[in-house]
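Could you have a look at this structure, given as structure tokens, before my questions?
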Amino acid sequence: MSDKTLREVPSEELSDVVELVDDTGRTLRLHQIGAMDYKDEFYVFFQPAEDIPGTEEDDVIIFRSSGDEGDEVLLPIEDEALLEEVFEEFCRMMEEDEEAEDAASLEDYEFSCDGNCSACDEDCEDREEDPEEN
């Protein structure tokens with residue numbers, strides 16, 4: 001399996017647990033944390049849902065999906081350079097999603113003046129000049 005550390009994901013953000021059987025017949029319980037198309041391939045991202053030897057709880061395990069819909073097989077990524085490239089793209093997408101969520105929460109923000117101009121960075125028409133600043 002290929003793994004890289006991304007960040008700790010709170011359990012309430014994790015999707016349902018999936019069970020995958022590796023090539024030795026061992027069943028692995030994983031949380032799917034994402035999926036993406038990248039360079040005409042489809043990749044799926046997981047984090048361990050239980051102790052898996054050789055992994056930490058915040059590791060990201062990446063597989064390439066192969067096969068037709070309903071008959072997919074998850075394959076490990078053997079090429080370390082490709083693995084790093086896919087992981088970096090996933091991280092970039094996660095950061096964009098977080099920034100979009102942050103921006104969306106700011107859309108509802110409305111500035112309201114509390115009259116404390118010395119502790120305010122806003123440039124509003126009600127701003128009083130601080131005599132100590134001059």
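We're numbering straight along the sequence, starting at 1.
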(request) Look at the side-chain heavy atoms of Ile, Leu, Val, Met, Phe, Trp and Tyr, link any pair under 4.5 Å apart, and say whether Y38 and L75 land in one connected group. (result) no
(message) Within this structure, what is the CG-CD distance for the pair L82 and E80, rounded to the nearest 0.5 Å?
(response) 10.0 Å
(request) Could you tell me whether the side chain of L83 reaches within less than 4.5 Å of the side chain of E85, counting heavy atoms only? (result) no
(request) Locate the shortest heavy-atom distance separating T55 from P48; write the atom from each residue and the value. (result) OG1-CG, 3.7 Å
(request) Please list, chain by chain and in numerical order, all residues satisfying side-chain hydrogen bond (donor to acceptor under 3.5 Å, both in side chains) with E95, sequence neighbours excluded. (result) none
(message) How long is the straight-line distance from CG of L74 back to CZ of F42, given to the nearest 0.5 Å?
(response) 9.5 Å
(request) Find the distance between CD (E41) and OG (S66) and round it off to the nearest 0.5 Å. (result) 7.5 Å
(message) Could you measure the distance from the CE atom of M93 to the CE atom of M36? Nearest 0.5 Å is fine.
(response) 6.0 Å
(request) Apply side-chain contact (heavy atoms from CB on, under 4.5 Å) to the pair E19 and L28, showing each step before the final yes or no. (result) CA-CA 5 Å; E19 291 185 348; L28 307 172; over 6 Å; no
(message) Could you go through F87 and V60, starting from their C-alpha distance and side-chain angles, then the distance that decides it, and tell me whether this counts as side-chain contact (heavy atoms from CB on, under 4.5 Å)?
(response) CA-CA 9 Å; F87 179 70; V60 174; 4.2 Å; yes
(message) Under a 3.5 Å threshold, yes or no: a donor from one side chain and an acceptor from the other, between E89 and Y43?
(response) no
(message) Using 0.5 Å steps for rounding, measure from the SG atom of C91 to the CD atom of E84.
(response) 8.5 Å
(request) Could you tell me whether D51 atom CG has more than 12 heavy atoms of other residues or ligands within 6.0 Å of it? (result) no
(request) Answer whether the closest heavy-atom distance between the side chains of V44 and Q32 falls below 4.5 Å. (result) yes
(message) Taking I52 as the starting point, is it possible to reach V18 by hopping between hydrophobic residues whose side chains are less than 4.5 Å apart?
(response) yes
(message) On a heavy-atom basis, which atom in P53 and which in R26 lie closest, and how many Å separate them?
(response) CD-NH1, 3.7 Å
(message) Checking F45 now: which residues fulfil ring pair (Phe, Tyr, Trp, His ring centres under 6.0 Å) with it, not counting sequence neighbours?
(response) F90
(request) Kindly determine whether F46 and I62 satisfy side-chain contact (heavy atoms from CB on, under 4.5 Å), including the steps that lead there. (result) CA-CA 6 Å; F46 298 95; I62 306 170; over 6 Å; no
(request) Taking D59 for its side chain and E56 for its backbone only, find out whether a donor-acceptor pair lies under 3.5 Å. (result) yes
(message) Counting C-beta onward and ignoring hydrogens, is there a side-chain heavy-atom pair between I61 and Q47 closer than 4.5 Å?
(response) no
(message) My understanding is that only residues two or more places apart in sequence, or in another chain, count here; which of them pass side-chain hydrogen bond (donor to acceptor under 3.5 Å, both in side chains) with T27?
(response) none
(message) Would E96 and R92 count as a salt bridge (Lys or Arg N to Asp or Glu O under 4.0 Å) here? Give the steps.
(response) CA-CA 6 Å; E96 281 181 5; R92 187 189 66 73; 2.2 Å; yes
(message) For the CZ atom of R64 and the CD atom of E78, what is their distance to the nearest 0.5 Å?
(response) 10.0 Å
